[in-house]
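The structure appears below as structure tokens.
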Amino acid sequence: MQDRFIKQISLLPADLANELVPLLNQQFSGHLDAQQVATLLQKTGLTKAELMFQLLNIAKALALAPISHFYVGAIAEGNSGDIYMGANIELPGRALCHSVHAEQHAISHAWLSGESGIRDIWINATPCGHCRQFMNELVDGGKINIHLPDTKAQTLQHYLPNGFGPKDLGILQPLMQKQQHELYCEDHNDPLIIEALDHASLSYSPYSHNHSAVVLEMADGRTYSGRYAENAAFNPSMMPMQMAIASLVRHNQSFADIKRALLVESSVGELSLIDVSSDALLSVSAVPLEHIVAEPV
Ligand SMILES: [Zn+2]
């Protein structure tokens with residue numbers, strides 16, 4: 001079991017802890033498939049709500065909180081029934097605007113894993129205004145059920161009445177709906193560029209058209225990606241570098257092992273993420289940010 005879970009697992013009921021220990025192996029990065037969740041429910045006799053609130057103890061252990069020392073866990077259930085954990089990520093020594101909130105982390109985890117929507121989300125602290133706005137960008141966002149400890153589950157619409165969202169700006173294909181913005185780059189042979197182009201083509205940037213993605217390559221060859229996820233209210237947008245860094249942390253990797261960092265963005269975007277991406281990267285690695293501007297196909 002990974003060290004970061006040792007204290008948290010001691011907080012769980014013994015039968016749940018016994019079932020979870022084999023799952024929290026070195027590869028565990030906060031994903032349980034629908035069958036694993038069903039097995040945990042069956043073996044422990046817990047209700048779904050009881051299980052999820054217990055599992056938030058594990059999700060919290062995925063946090064990186066050197067500034068707040070406040071650990072938030074979130075679990076998003078995708079349309080497939082799989083669950084995706086996330087936690088708050090604060091970049092050491094960098095502006096607070098670089099932070100990733102637990103809800104953003106869990107939802108981006110589901111999105112990167114191919115989910116097309118979120119049905120329910122469990123959180124151990126009430127969602128801030130930023131996260132309510134971020135979730136309002138999702139497919140059927142208003143219908144997402146928000147579960148908090150000791151509180152009756154309510155929809156996002158309850159927590160964000162009269163919300164401003166993508167429809168108000170004429171966007172009818174919201175976040176997590178399949179995006180396809182093919183991009184082209186002359187250097188076809190670099191696998192890192194190919195991976196970044198794939199993610200950029202799936203990114204969500206209906207406001208700036210800056211279809212973009214970041215890929216971080218580690219010394220062992222593993223890669224962690226992030227896609228740009230814009231928001232109708234602009235500021236709650238999630239940057240691709242932050243999404244990639246959150247993924248790296250979730251996979252229990254060390255920043256010292258980052259070997260390459262690449263940002264790919266579309267030539268037709270109305271802005272560039274190079275400066276904000278470089279600044280975020282600098283907080284965790286001295287590796288220079290490679291930058292590719294790709295053309296739409
Ligand atoms: Zn938040």
Side-chain angles (χ1 to χ4, degrees), residues 30 52-53 55-78 83-92 94-112 115 117-166 174-176 204 207 226-250 276 280 283:
M52 292 299 156
F53 285 117
L55 289 177
L56 284 176
N57 287 299
I58 302 301
K60 281 163 69 174
L62 305 174
L64 178 69
I67 299 168
S68 70
H69 305 287
F70 183 73
Y71 298 89
V72 187
I75 300 175
E77 181 175 0
I83 63 168
Y84 302 88
M85 299 180 184
N88 51 320
I89 305 289
E90 299 160 4
L91 298 190
R94 277 298 185 272
L96 296 181
C97 65
H98 288 304
S99 305
V100 176
H101 295 220
E103 295 91 322
Q104 289 182 303
H105 190 172
I107 289 164
S108 64
H109 182 186
W111 187 37
L112 290 170
E115 292 286 351
I118 297 294
R119 301 195 297 215
D120 294 84
I121 188 160
W122 288 263
I123 321 157
N124 67 318
T126 193
C128 72
H130 176 92
C131 286
R132 295 177 198 203
Q133 186 67 48
F134 184 80
M135 289 188 276
N136 199 40
E137 196 75 21
L138 295 168
V139 178
D140 289 330
K143 295 179 185 165
I144 294 172
N145 295 306
I146 296 182
H147 305 261
L148 296 167
D150 306 318
T151 307
K152 178 174 169 274
Q154 299 276 10
T155 62
L156 178 62
Q157 201 157 26
H158 169 84
Y159 284 101
L160 191 69
N162 307 315
F164 180 80
L175 180 58
M176 289 188 83
Y204 175 76
Y207 309 111
R227 304 170 191 156
Y228 192 21
E230 286 193 331
N231 189 277
F234 284 20
N235 297 71
S237 302
M238 188 172 183
M239 301 294 146
M241 179 62 78
Q242 277 79 339
M243 199 181 292
I245 289 173
S247 180
L248 185 156
V249 171
R250 203 174 61 246
V276 73
S283 73

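No experiment lies behind these values; they were computed from the predicted model shown. Numbering of ligands and ligand atoms starts at 1, following listing order.
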Have a look around the Zn ion (ligand 1) and list protein N/O/S atoms under 2.8 Å, or say none.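 Listed by chain and number: His101 ND1, Cys128 SG, Cys131 SG.
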
For His158, give me all partners under ring pair (Phe, Tyr, Trp, His ring centres under 6.0 Å), at least two apart in sequence or on another chain.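 Checked His158 against ring pair (Phe, Tyr, Trp, His ring centres under 6.0 Å); zero matches.
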
Contact between [X] and [Y] at the side-chain level, heavy atoms closer than 4.5 Å - yes or no?
| X | Y | answer |
| --- | --- | --- |
| Met85 | Arg250 | no |
| Ile83 | Leu55 | yes |
| Leu175 | Trp111 | yes |

Parallel, tilted or perpendicular, judged at 30° and 60°: which one describes the rings of His147 and Trp122?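 His147 vs Trp122 ring planes: parallel.
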
Minimum heavy-atom separation for Leu91 to Ile245, with atom names? CD2-CG2, 4.0 Å

